[in-house]
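Residue numbers begin at 1 in each chain, while the letters A, B, ... track the order of the sequences.
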Amino acid sequence: MREKAISIANLSYTYPDGTPGLQGICVDILRGESVGVIGPNGAGKTTLLLHLNGIFVSKNGNVEILGKKIGKESIKGIRRDVGLIFQDPDDQLFMPTVFDDVAFGPINMGLPREEVIRRATQALRWVGMDGYEKRLPHHLSVGEKKRIAIAAVLSLNPEILVIDEPTSNLDPRAKWGFIELLRGLTMTRIIASHDLEMVQALCERVIILDKGQIVADGPTERILVDVELLQAHGLAPDNQAGQSHKQH
Amino acid sequence: MREKAISIANLSYTYPDGTPGLQGICVDILRGESVGVIGPNGAGKTTLLLHLNGIFVSKNGNVEILGKKIGKESIKGIRRDVGLIFQDPDDQLFMPTVFDDVAFGPINMGLPREEVIRRATQALRWVGMDGYEKRLPHHLSVGEKKRIAIAAVLSLNPEILVIDEPTSNLDPRAKWGFIELLRGLTMTRIIASHDLEMVQALCERVIILDKGQIVADGPTERILVDVELLQAHGLAPDNQAGQSHKQH
Amino acid sequence: MEYPQIDRYAGLASPIHRWDPRAKLVAILGLIFSVVLITDLKMAMVGLAVAILLVLVSRIPFRFVLGHLAGVSFFILPLSVIILFSYHQGDEIARFAFLTVTSGGLEHASLIAVRAFAAVILIFPMISTVRFDVTMKALERLRVPVRLVRMIMFTYRYIFVLIEEVQRMLRALTSRGFTGGMNIRTLITTGKLIGMLFVRTLERAERVYRAMLSRGYEGNLQTLVEFKMRKTDLLKAAVLIAIAVALNVL
Amino acid sequence: MHISDGVLSPQVWVSGYVVTAALTAYVLTRKTDIAELPKVSIVTAALFVASLIRIPLGPTSVHLILNGLAGITLGLSAFPAVLVALILQALLFQHGGISTIGINAVILGLPALAAYGLFAAGTRIGIRGRYAIFGGLAGGTAIALGVLFFSLCLLTTGEHLEDVIPFVVVAHLPVIAIETIVLGALAQFVARVSPQALRGFRPR
């Protein structure tokens, strides 16, 4: 049996204003799996992802990454093992040059200069952005920024990649190019999205999250064909809308 | 023959930094038409939309709205006739409450108090958001914000509706609900997007914009099936990506 | 980083909640200015009692009020302690090693602290019993210069949007292993982060302005508001103004 | 550096209101572009939010003040921006006080204008790293001047607060250093990424 990459046991979370965010989440993700987390806006997808590298920390220590509980001592290592990529690349890129952005993580890890340069260069090559080292991230296209954001996390050599809405605001060409890029990566991947087309193309397993709870978990080919299930959680158009669409 | 709603003759635009934005755009849009403007990121879609109600004004007066050239005298009327809805609803909902936002346009038109209230109430009912008058924008979901943004423009009773990326960041249910809403509106509509599914559902005519130029213009059922054309302009996955997707 | 939630309890029902916001603002502001003018410790205590009484009447949980007093305490408490030990007048009442406390020093330090807390506690019945957007409209109706009120209004609206933006930026930083410490790199990184926030905000400001133009903005910003002044509103105001005057005259 | 209610004598806080009213009226009633008010307000929101970021300092942490940043980004409009931020801080978070809004705006707002002057003049000199140097100087100077005005208030208020001044000065020395470095890095960054942003929409 494959090792567990992520193990979550009964994780709950309440927002500071008192609204419930996550309720009793239990899930194991194996090494090398590629898992889609889908659900409507406000289902708690981002909140769940933020627990995976200790941005949000549950007091009960019920999130384990590669066998280690997330806690004060483990957190540094866990942030190296879990690369988290945010939806809006502008939230992530604020260094004067692409190189500085990609080198930021390795520098935080305290790696020696040579190694930082080696890792940053390699990460940029991975995402097909070598030659962009001296460019200003802010002036790039959305698609390019998204790639830099991935490189900025790959430079940490993470074992697990956690990506929030990778394809939002990308045009079709950029989107499919990006999907190709993600498919080429072989580490454990967790992808939160409501772009089912992408999830279909990238994930072998799908978890549906709604109102902070896991409402379905299974192989992609079973979940994504269950139209009623998808409809019930806002992931497929209601019958009426779908029909009038066909009639049009 | 139907009257022209919008007539653009040889419109060009250069960004302040010297990069070309639009080049020799010529297009006529008839009253009551519903037109999709599609193209990759950075094609100039938003720049084109900003010319339609005089946020950007061409010196040559080559944009006509309902027979009137856009210029100093006509601009006030044109901004009332053309309702422009931006991509990020947070940019659009700048007033303290939902009601204040929807009433902003009518108040600027100098309408009497009673009429302002009547229009605002009606616009909110149109988008299915009646009862939200006193709500605060930061407590709403993306989907709700998008609806309020539409209402804020409908309260001006525009003849032409211009919408930038209406479905971005919406989950499928919110997206299809929003498409239903837009389909129910009968004025001339121009919708810029790279969500081809939505364009298919809403538009009878499609214009492809790439690198600031119109590269195709025709009925939806002809344009959206022309895979080679779409591929050439980044609107369909390249063969390789599409194929490997199928193989997966 | 927390959202402002000063008007979290605006939905409660109390005589203070039901009070016309304009009358409420004027009357309680009058009371605040009266409190800071008091020079007699006993009267200042009365002022503090009035402030606490108003909070009780408003039903705003006192926990909530205490939670908001950290900022003032952080300023006032050290200041009072310094005055206590440095201002010597009247009889010596205590001595710690080389520090002495006199009756005059104790009284002066207490006066400053009591005035400060009375004034700040009065903010809660004034601001927390009505939604902040209504407070802003009330200020406008009270003829506070409209441009200033509009600035407050837009700033308030975008605080919420930008807090989220900064939160996301800080999370992205943390998740790439950045741990702020007392060092120059932390400061430089913070500088870049705020720089990016500023650049993005300018771009947003441009987009917001375009959206405003699209909806007919020509420099004039109005809202429709309905306030109704009843006799009881004026009566409540009269009582508080009378107290405000009494605090300084008696 | 927000003085709370109940500390200062009426002479001082009333003068604060007079100066603030005059300066605000001057800046806000100039015949300006209609774009200025919404744009300045949104940037003010960014300054407000940035000032909520905590910087670790020894066992505790401090908030940035950023009045220097208001100066270099907003020019003259920095004064009403500082005023609005102070009003919101007093009403929303109870930092500072109600009667002291005027004098606090003077304490932080006048240095913001000085920072604007310093930065505008300094960055005209064609030396390398001028944005970092004068951004930093503007940031540090704005705090230092703020401490000076703050101390003057305590000195002139006649409430026996002179002995507090040394504590105020010492407590703010690290803040001066922090804001110098933060604003230096910030100005250099913005000058690279979006040079027109630092020219802003201040009067030409």
Side-chain angles (χ1 to χ4, degrees), chain A residues 15-18 46-47 49-57 72 75-97 100-111 123 136-139 149 151-158 160-164, chain C residues 1-12 61 63-64 67-68 70 128 131-132 159-207:
Chain A
Y15 291 107
D17 68 356
T46 303
T47 308
L49 300 194
L50 291 172
H51 279 90
L52 298 182
N53 76 344
I55 300 290
F56 288 176
V57 181
K72 271 232 168 107
I75 202 130
K76 199 167 176 182
I78 280 168
R79 295 218 169 116
R80 188 178 317 175
D81 290 334
V82 182
L84 187 53
I85 295 144
F86 292 80
Q87 175 173 4
D88 183 348
D90 282 328
D91 292 336
Q92 194 162 338
L93 305 177
F94 42 81
M95 290 289 155
T97 68
D100 292 338
D101 249 313
V102 180
F104 184 79
I107 292 173
N108 285 329
M109 283 167 63
L111 293 176
L136 291 169
H138 190 65
H139 295 171
V153 161
L154 289 180
S155 63
L156 285 159
N157 270 350
I160 301 167
L161 216 52
V162 178
I163 319 178
D164 200 359
Chain C
M1 197 171 289
E2 276 181 28
Y3 294 119
Q5 43 178 339
I6 192 71
D7 56 0
R8 181 173 171 183
Y9 293 104
L12 300 180
R63 222 172 348 99
F64 176 79
H68 276 75
S128 293
R131 260 186 24 189
F132 199 71
I159 283 174
F160 292 88
V161 175
L162 297 178
I163 281 183
E164 273 178 28
E165 200 162 295
V166 169
Q167 246 165 10
R168 293 195 307 265
M169 290 169 88
L170 289 172
R171 282 173 189 160
L173 210 61
T174 311
S175 81
R176 285 197 280 161
F178 180 78
T179 45
M182 239 194 4
N183 53 49
I184 294 204
R185 184 157 180 265
T186 299
L187 298 180
I188 290 178
T189 307
T190 308
K192 288 173 181 163
L193 184 141
I194 299 174
M196 192 69 218
L197 172 73
F198 169 66
V199 170
R200 291 174 77 179
T201 301
L202 269 190
E203 290 168 355
R204 183 186 291 281
E206 184 60 40
R207 295 195 304 267

Exercise. Do the non-hydrogen side-chain atoms of C:M196 and A:H138 ever get within less than 4.5 Å of each other?
Worked result: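 Side chain of C:M196 against side chain of A:H138, heavy atoms only: contact under 4.5 Å found.
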
For this session: Please tell me if the side chains of A:P16 and C:E2 come closer than 4.5 Å, counting only heavy atoms from C-beta onward.
Result: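 No, their side chains stay 4.5 Å or more apart.
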
Is it the side chain or the backbone of [X] that comes within 4.5 Å of chain C heavy atoms, both, or neither?
X	result
A:L50	side chain
A:A149	neither
A:N53	side chain
A:I55	side chain

Exercise. To the nearest 0.5 Å, how far apart are OG in C:S175 and CG in A:L52?
Worked result: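 Rounded to the nearest 0.5 Å, the OG-CG separation comes out at 11.5 Å.
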
For this session: Could you tell me which portion of C:E164 (side chain, backbone, both or neither) has an atom closer than 4.5 angstrom to a non-hydrogen atom of chain A?
Result: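 Answer is neither: C:E164 stays 4.5 Å or more from chain A.
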
Exercise. Which members of residues 177-186 of chain C, sorted by number, sit under 4.5 angstrom from chain A on a heavy-atom basis?
Worked result: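 Those residues of residues 177-186 of chain C which have a heavy atom under 4.5 Å from chain A are C:G177, C:F178, C:R185.
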
Throw together a table of side-chain donor-acceptor distances under 3.5 angstrom for residues 166-174 of chain C, partners on residues two or more places apart or in other chains.
unit_1 : atom_1 : unit_2 : atom_2 : d
C:Q167 : NE2    : C:M1   : O      : 3.0
C:R168 : NE     : A:D91  : OD2    : 2.5
C:T174 : OG1    : C:L170 : O      : 2.8

Problem set entry | Worked check of side chain to side chain contact (heavy atoms under 4.5 Å, CB included) between A:F104 and C:T189 | CA-CA 10 Å; A:F104 184 79; C:T189 307; 4.0 Å; yes

For this session: Would you mind checking if A:D101 and C:R176 are paired as a salt bridge, meaning a charged N to carboxylate O distance below 4.0 Å?
Result: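 Result for this pair is yes, salt bridge flagged.
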
Exercise. Top residue by heavy-atom pair count (under 4.5 Å) with chain C, among A:D88, A:L156, A:D90, A:V82?
Worked result: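 Max contact count across the listed options: A:D90.
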
